[in-house]
Structures are given as C-alpha cells and as structure tokens.
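Hydrogens, waters and symmetry mates play no part in the numbers below; they use all other heavy atoms, side chains included. Throughout, residue positions are numbered sequentially from 1 according to the sequence presented. Order of appearance sets the numbers: ligands from 1, and atoms from 1 within every ligand. This is a predicted model, so every value here is computed, not measured.
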Amino acid sequence: MKQTKIFYISEKTESEPLDEASKILSQGGTVAFPTETVYGLGANALDEKAVLKIFEAKGRPADNPLIVHVASRDDCRSLVREIPEKASILMDEFWPGPLTIIMERSEIVPDVTTGGLDTVAIRIPENKIAIELIKRSGIPLAAPSANLSGKPSPTSADHVIEDLSGKIDAVVDAGEVIIGLESTVIDLTSDIPAILRPGKIIKEELEEYIGEVRIAYDDKVHPESEIVRSPGMKYTHYSPQAGVILVEGEHSAVVRKIKELLADLNMRDARVGLMLTEESAPFFLGFNSFSIGPREKPEHAAKYLFFGLRNLDSKNVDTIIVDGSFNSAGIGMAVFNRVRKAADMIIKVR
Ligand code: TXA
Ligand code: MG
C-alpha cells in the first residue's frame, strides 16, 4: 500500500501543491484530479510503465483504452497522424470541454494507452486545475475516470479516496465537479462520424458543425460481443454494491410501480434506497432516499446520479430503485445511458 497524498486546492490554483502534484506525474506517478465531467486518474500517457499503474490501481481490463488529456491543440498534434478537417472544426467549437475526439494515433503513443488500437482518444478538459496540471507536468495525461473499474465514476475527491486510497500516489481535491457524467466520445476515423458514448454535448449539436453523425452506442452491456467499437462498452459499468432497479415511464405510472416494488421488497425484508425526482419525493416520505432533482432538469440528474448511487450504497441498502421519469432530452439521454448500464433490471411502465 502507498500513502496517497491529498492536495487541497481552491479555485485559485495555488502553485505549490500543484507543482508537487505535477512533479509526481512527470516522474511517472499517478495523480487523480478534477475535470469538469468527473475526476480522472492521470499518468504520463507516453510512459508505458506509468500508464500500467493506472490499469493496476483501477483493476481495468487491458483492452479498454484511455483518454489522453492535453492543454492545447499543439499538444494534440504530435499524438495523431493528422487532424482531420471535421476534428479541427469540433476542436474550435467544443474545446476546452466535455468532448473526446478519436483520431488515428502517431507512433509516440504507446499500445498500453490505446489498448492496442491504431486510434487515440483526446480531449482538452475545461477545468483550470486540470489544465494547470497538464501544463506544469509538461506531458499529455492519460486519465480514465478515477474509480475502481465497474464502480460509479467519482464526482468528488472523497469518491476517489473511497475507491483508490493506498493504490495511487496522490489526489488533487478541488471539491465537486460541475457536470457529473463523462465526456461525449466521438470517433472521426470512420466515414460518418460516430458517437461511441453520449454525454453533455449531443448529436444535434455536433451535426450543426460537421453534418451527419451516427449513434454507435447502445444502453446495454455486451459481455460476449466482439464488435463493440468502444472497448469500454462491453464491461459492467457504474454499478454500486446494491442491485439497481430502474423504473422508466410516465410519472404517475412510475410512482405506482415503485410503490408496488416497495411493498414486495418489504415483504422480503430487503433494505431499499430510492433515487427520486423532486416530484416523486412526496409520495415516499420516510423512505431512505436521494433526490436527483426536478424531472425537467436532467442536468441535475446528471450531476447527482453517480453521487446518489454511492450515497445510497454507503447506507448499506440491498436494492436501489431509480425513478426514471425525468426528461431524456439533452444530457438526459446520457443519464439514461449510464443508469441503464448500471441497472440489473429495467422496468418500463406507461
Ligand atoms: O469525461 C471523461 O471523459 C473522463 C474525464 C476524466 O476526462 N474520462 C473518462 O475516461 O471517462 P474512461 O476511461 O472512464 O472512459 C473512456 C472511454 C471508454 O469507454 C473507452 O473504451 C473509450 O473512451 N475509448 C478510449 N479510447 C478509445 C479509442 N481509441 N477507441 C474507442 N474508444 C475509446
Ligand atoms: Mg470510466
């Protein structure tokens, strides 16, 4: 076990702790840091040994490639064979920000980072601390979400410590993240650009700038499939200890169904946690519950989904029931994608 250092940093990006954290990174260590989406676990993307430490700490399968985080478009250039026209347009529009772009990699990116693929995923995060860390360490940072593989992604440094304390060199703690769900991943190596993972930036926004974009993800887990394009999509995801039941549909039908489930689980003495929209909460007073905000504000559900799964888990419940009556527009689509992947059972009602 290592002693994991914690660097507390406020908005002001004080130089001393950040200098120390970047020194650990430039010497081949692992440091978790905030981005606008979730906390990432960083290491030198060009140093095979450093990258292997990420896989080891997370217990991540070796064929699941990492996203490389850079501070400028210049840093990006040496990592790819070329920057396609459409990539350049998207970079102008969405970087820094929660958009990861997949391009053909150059020889300097090692196999471990890309899981052996000929492509590399890159983004510039929109978080001052992340950018400072990349600049000061002077290297591109490979950084998957800083959770144990299969667990909900971390939206605060506490979550990182819960999962990875003793397994990584340091955490930069700058409080809660803003978005709460990982970046949109778009592949620009195929004829028609493909979204491999939904996020805050949606298909229609991307199409405004580069024309047709297709959706190449679905909301299921495919343990046996060989054909999934984004290797990460075939593994269990975002799962708390407790079993997760998602109830989707029109609001009053969802409330009715959750009541039914509770009666049934109650008979079997199960400890239940509820993730409820604000509108549903009054129907379940006295239950162990967590609010994911108003139904019409999916950005709130996005911010608190992973947080809520971890929160209910810490109360040692056996089953978490998620109220899926929130709006699926905008980032809502990505929230549904994550919660469906986390679910052991999905019930659709109308
Ligand atoms: O918001 C985010 O993207 C966060 C923060 C830390 O930046 N990072 C993150 O990384 O979510 P991770 O490793 O948890 O998810 C990366 C996803 C995985 O599904 C992986 O399979 C996919 O991107 N990916 C990475 N490189 C790829 C490539 N070359 N081809 C296809 N998929 C790739
Ligand atoms: Mg992840």
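Within ligand 1, the atoms closer than 4.0 Å to a non-hydrogen atom of G40 are 6 (C), numbered from 1 in the order shown. Ligand 1 places these atoms under 4.0 Å from at least one heavy atom of I67: 3 (O), 8 (N), 9 (C), 10 (O), 16 (C). Those atoms of ligand 1 that come under 4.0 Å of a heavy atom in L196, given as number and element, are 31 (C), 32 (N). The N64 neighbourhood of ligand 1 comprises atoms 18 (C), 20 (C), 21 (O), with distances under 4.0 Å to a heavy atom of that residue. In summary, the atoms of ligand 1 found under 4.0 Å from a heavy atom of S145, numbered by their order in the structure, are 8 (N), 9 (C), 10 (O), 12 (P), 14 (O). Atoms of ligand 1 found under 4.0 Å from any heavy atom of A143, numbered from 1 in the order shown, are 6 (C), 8 (N), 10 (O). Near S183, the atoms of ligand 1 lying under 4.0 angstrom from a non-hydrogen atom of the residue are 1 (O), 2 (C), 3 (O). Annotation for ligand 1: atoms under 4.0 Å from non-hydrogen atoms of L117 are 28 (C), 29 (N), 30 (N).
Considering backbone and side-chain atoms alike, T35 places every N or O at 3.5 Å or more from each N or O of ligand 1. Residue R197 has at least one N or O atom closer than 3.5 Å to an N or O atom of ligand 1. Polar contact with ligand 1: present for T119 (N/O pair, distance under 3.5 Å).
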Under the salt bridge (Lys or Arg N to Asp or Glu O under 4.0 Å) rule, what do E132 and K128 come out as? Steps first, then yes or no, please. CA-CA 6 Å; E132 272 303 306; K128 284 193 197 116; over 6 Å; no

R73 vs D92, salt bridge (Lys or Arg N to Asp or Glu O under 4.0 Å): CA-CA, chis, key distance, verdict: CA-CA 9 Å; R73 206 191 288 199; D92 280 342; 2.3 Å; yes

From CA spacing to verdict: side chain to side chain donor-acceptor pair (under 3.5 Å), S156, D158: CA-CA 5 Å; S156 75; D158 291 344; 4.6 Å; no

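Near the Mg ion (ligand 2), less than 2.8 Å away, sit the protein N, O or S atoms S145 OG.
Every residue meeting the salt bridge (charged side-chain N to carboxylate O under 4.0 Å, His left out) condition with K257, not counting sequence neighbours, appears here in chain and number order: E260. Residues passing the side-chain contact (heavy atoms from CB on, under 4.5 Å) test with D219 are Y217, N337, R340, sequence neighbours excluded.
Classification of the F33-H69 ring pair by plane angle, with boundaries at 30° and 60°, yields perpendicular. Between Y304 and F290, the ring planes lie tilted relative to each other; the angle falls in the 30° to 60° range.
A heavy-atom separation below 4.0 Å is not found between P125 and ligand 1. Put simply, no part of E36 is less than 4.0 Å from ligand 1, judged by heavy atoms. Ligand 1 is approached by H69 to a heavy-atom distance shorter than 4.0 Å. Contact between I102 and ligand 1 is present, with at least one heavy atom of the residue lying under 4.0 Å from the ligand.
When non-hydrogen atoms are compared, ligand 1 lies under 4.0 Å from neither the backbone nor the side chain of D187. Contacts with ligand 1 closer than 4.0 Å are made by heavy atoms of both the backbone and the side chain of P65. Under 4.0 angstrom from ligand 1, there are no non-hydrogen atoms of E104.
In summary, the side chains of T35 and R123 do present a donor paired with an acceptor at a separation below 3.5 Å, with no hydrogens or angles considered. When only modelled atom types and interatomic distance are considered, D75 and S72 share a side-chain donor-acceptor pair under 3.5 Å. For the residue pair T155 / R310, no side-chain donor-acceptor distance below 3.5 Å is found, with atom types taken as modelled. T37 and S183 form no side-chain donor-acceptor contact under 3.5 Å, judged by distance and modelled atom types alone.
In this comparison of M103, R60, R105, K58, the heavy atom closest to atom 13 (O) of ligand 1 sits on R60.
Here the closest heavy-atom approach between residue I102 and residue A121 is recorded as CG1-CB, 3.8 Å.
Judged as a side-chain hydrogen bond (donor to acceptor under 3.5 Å, both in side chains), the pairs with a partner in residues 289-302 (not counting sequence neighbours) are, in order, E296-N327.
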